[in-house]
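Report on the structure given below.
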Amino acid sequence: MNDDRDHHPLHTPVIDWFDDNARDLPWRRPEAGAWGVMVSEFMLQQTPVSRVLPVYGQWLERWPTPGALAADPSGEAVRAWGRLGYPRRALRLHAAATAIAQLHNGEVPTDHAELLALPGVGEYTAAAVASFAYGQRHAVLDTNVRRVFARAVTGVEYPPNATTAAERRVAHRMLPADEATAARWAAATMELGALICTARGPECVRCPIAGQCAWRLAGSPEHDGPPRRGQTYAGTDRQVRGRLLAVLREATEPVPQAALDAVWHEPVQRARALDGLVADGLVEPLQDGMYRLPG
DNA sequence: TACTCGTGGTG
DNA sequence: TCACCAAGAGT
């Protein structure tokens, strides 16, 4: 087992760059613990760091352990989620905390398979918690890492829309053999994608591996595959759901149907959105046409 | 697989 | 200005 087989030329420059440029984020501090890491990973799913920071601090102050969150109603989690978006994540984080309290003695599991079994924990989050919180060796494939590998290794501007087996193979092939180094590598590649190798306007002049980047060496060819799916929002059920839930988040008492009817003019879509929120467990219907966040 | 699911900042 | 983008998961 000589080093040449376990070490890739990109490892040292990326990790050295991370040593000098890593942001001081609260979930990276030792006192965050595994629960802090898990909370941050839920909040960061499709949501920028800048918007997560204030909510994360309030959340950990109020619910410093999974058991503390599990002891409160799920609706309180939805309320505290605020405007982070995708509020089902709040519900799933509450459900994950409940499972941790009941099945794992209140401790965030260290085992990857047990993490994956928790509500709201998928391929990425399970690997991220195991790697960042527990220093384990896992391929952590988020949108940043996928973009870094697409460029530096594969030589294309953007990764596919959905994670492919080929991407997983690249990630595993690139993963350092040593456990602690692998965990460092995971955080470093993610940070490189977030700060330098960004989707639009990458700062290649500041990139520690610009000289070895397959995409640069190929002349930075533009993306040529199928168009990346845009996310239309205006006029969708998601917008209506957002407005409905905003009313309920800001209300301390149950809200009458009329208050919800006021947020959207079209009755069929409005009813469909409300039904969807109830079906998702984000809204609880009471008697006499009153609604509230789940108690 | 492709689609749904929020919200707000930005080039 | 507005389409794109942001530490994905579930179905």
Side-chain angles (χ1 to χ4, degrees), chain A residues 22-23 25-28 32 36-56 78 81-93 95-96 115-133 138-148 157-165 167 171 183 186-195 197-203 223 226-249 263 269 272-273 275-277 279-283:
Chain A
R23 289 168 292 179
L25 300 170
W27 45 87
R28 286 181 176 163
V37 171
M38 172 167 279
V39 169
S40 78
E41 292 303 337
F42 271 75
M43 291 183 173
L44 287 163
Q45 290 168 6
Q46 300 284 283
T47 305
V49 167
S50 60
R51 287 176 40 216
V52 165
L53 282 170
V55 182
Y56 173 85
V78 174
W81 198 254
R83 305 189 68 81
L84 285 182
Y86 291 146
R88 292 188 297 188
R89 291 181 293 165
L91 229 41
R92 292 173 184 151
L93 181 52
L115 287 166
L116 197 55
L118 295 172
V121 177
E123 175 184 359
Y124 161 76
T125 302
V129 172
S131 180
F132 301 154
H138 294 282
V140 180
L141 269 182
D142 80 319
T143 187
N144 291 303
V145 177
R146 294 179 61 217
R147 188 173 53 249
V148 168
E157 185 177 18
Y158 294 121
N161 280 327
T163 305
T164 63
E167 288 183 272
T189 47
M190 189 174 303
E191 192 77 336
L192 186 65
L195 298 183
C197 194
T198 53
R200 285 182 295 183
E203 293 191 71
H223 180 71
R228 321 182 71 214
R229 280 188 50 240
Q231 317 169 2
T232 53
Y233 180 65
T236 62
D237 287 4
R238 289 155 75 185
Q239 184 179 21
V240 185
R241 287 166 58 108
R243 289 194 183 182
L244 291 169
L245 206 57
V247 171
L248 294 168
R249 268 199 316 265
V263 307
Q269 187 180 25
R272 184 173 66 233
D275 286 348
L277 289 171
D280 286 345
L282 284 162
V283 171

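Here is how names work: the chains are called A, B, and so on, in the same order as the sequence lines, proteins then strands, and each is numbered from 1.
- Nucleic acid contact for A/Gly122: sugar-phosphate only, since backbone atoms but no base atoms lie under 4.0 Å from a heavy atom of the residue.
- Applying the 4.0 Å criterion to OP1 and OP2 of C/dC4, one finds that A/Tyr233 has every side-chain N and O outside that range.
- The side chain of A/Thr163 contributes no N or O atom lying less than 4.0 Å from OP1 or OP2 of C/dG8.
- For A/Ala199, counting side-chain heavy atoms from C-beta on, the closest listed nucleotide (B/dT4, C/dC5, B/dT7) is C/dC5.
- Within 4.0 Å (heavy atoms only), A/Arg51 reaches at least one base atom of the nucleic acid.
- The residue among A/Asn144 and A/Gly120 whose nearest nucleotide of DNA chain C is located toward the 5' end is A/Asn144.
- Put simply, CG on A/Leu115 is 16 Å from C1' on C/dG8, counting in whole angstrom units.
- Both A/Leu282 and A/Ser50 lie close to DNA chain B; mapped to their nearest nucleotides by heavy-atom distance, the more 5′-ward contact belongs to A/Leu282.
- Nearest to the side chain of A/Arg88, among B/dC5, C/dC5, B/dG6, sits B/dC5.
- Between the side chain of A/Arg238 and the base of B/dG6, a donor-acceptor pair under 3.5 Å is found.
- Contacts of A/Trp27 with the nucleic acid, taken as non-hydrogen atoms under 4.0 Å apart, include base atoms.
- Remark: the A/Thr143 side chain and the C/dG8 base include no donor-acceptor N/O pair separated by less than 3.5 Å.
- For A/Arg249 and B/dT7, the shortest distance from a side-chain N or O to OP1 or OP2 is below 4.0 Å.
- Looking at heavy-atom distances under 4.0 Å, A/Ser40 makes no contact with the nucleic acid at all.
- Proximity of A/Tyr124 to A/Val145: side-chain heavy atoms (C-beta onward) are nowhere separated by under 4.5 Å.
- With C/dA7, B/dG6, B/dT10 as the candidates, the nucleotide lying closest to the side chain of A/Arg200 is B/dT10.
- In terms of phosphate contacts, A/Gln45 brings no side-chain nitrogen or oxygen within less than 4.0 Å of OP1 or OP2 of C/dA7.
- For the pair A/Trp27 and A/Val39, the minimum side-chain heavy-atom distance is 4.5 Å or more.
- Considering only side-chain N and O atoms, A/Tyr124 lies nowhere under 4.0 angstrom from the phosphate OP1 or OP2 of C/dA9.
- Nucleotide B/dT1 holds its P atom 12 Å from the CD atom of A/Glu123, rounded to whole Å.
- Distance CG (A/Asp280) to C1' (C/dT11): 12 Å, rounded to an integer number of Å.
- In the set B/dT7, C/dA7, B/dC5, the nucleotide with an atom closest to the side chain of A/Tyr86 is B/dC5.
- A distance of 10.0 Å separates OG of A/Ser40 from CD of A/Gln45, quoted to the nearest 0.5 Å.
- C/dA7 and B/dC3 have their P atoms separated by 23 Å, with the value rounded to a whole Å.
- If you take CD of A/Glu41 and P of C/dA6, they are 16 Å apart, rounded to a whole angstrom.
- Distance CZ (A/Arg272) to P (B/dT4): 11 Å, rounded to an integer number of Å.
- When each of A/Pro48 and A/Pro119 is assigned the nucleotide of DNA chain C bearing its nearest heavy atom, the one mapping closer to the 5' terminus is A/Pro48.
- Here A/Val121 lies in heavy-atom contact (under 4.0 Å) with sugar-phosphate atoms only.
- Among the heavy atoms of the strands lying under 4.0 Å from A/Tyr158 are primed sugar atoms or P, OP1, OP2 only; no base atom is included.
- The interatomic distance linking A/Gln46 (CD) with B/dG8 (P) rounds to 16 Å, in whole Å.
- Closest to the A/Asp237 side chain, of the nucleotides B/dT7, C/dA7, B/dC5, is B/dC5.
- Nucleotides C/dA9 and B/dG8 are separated by 23 Å at their P atoms, to the nearest Å.
- Close to C/dA9, at under 4.0 Å from its OP1 or OP2, lies no side-chain N or O of A/Arg89.
- At the heavy-atom level, A/Leu141 lies nowhere under 4.0 Å from the strands shown.
- The distance between atom CE of A/Met38 and atom C1' of C/dA7, rounded to the nearest whole Å, is 14 Å.
- In this structure, A/Tyr233 and A/Arg238 have side chains that are in contact, with non-hydrogen atoms separated by less than 4.5 Å.
- Between the side chains of A/Glu203 and A/Thr198, no donor-acceptor pair is found at a separation under 3.5 Å.
- Across all strands shown, A/Arg147 has heavy atoms under 4.0 Å from sugar-phosphate atoms exclusively, and none from any base.
- Note: CG (A/Leu84) to P (C/dC5) measures 22 Å, nearest angstrom.
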Verdict with reasoning, A/Val78 to A/Arg88, per side-chain contact (heavy atoms from CB on, under 4.5 Å)
CA-CA 8 Å; A/Val78 174; A/Arg88 292 188 297 188; over 6 Å; no

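- Between A/Arg28 and A/Glu191 there is a salt bridge, since a side-chain N of the basic residue sits under 4.0 Å from a carboxylate O of the acidic one.
- In this structure, A/Arg92 does not reach the C/dG8 phosphate: none of its side-chain N or O atoms is under 4.0 Å from OP1 or OP2.
- Within the 4.5 Å cutoff, side-chain heavy atoms of A/Leu282 are placed close to those of A/Arg241.
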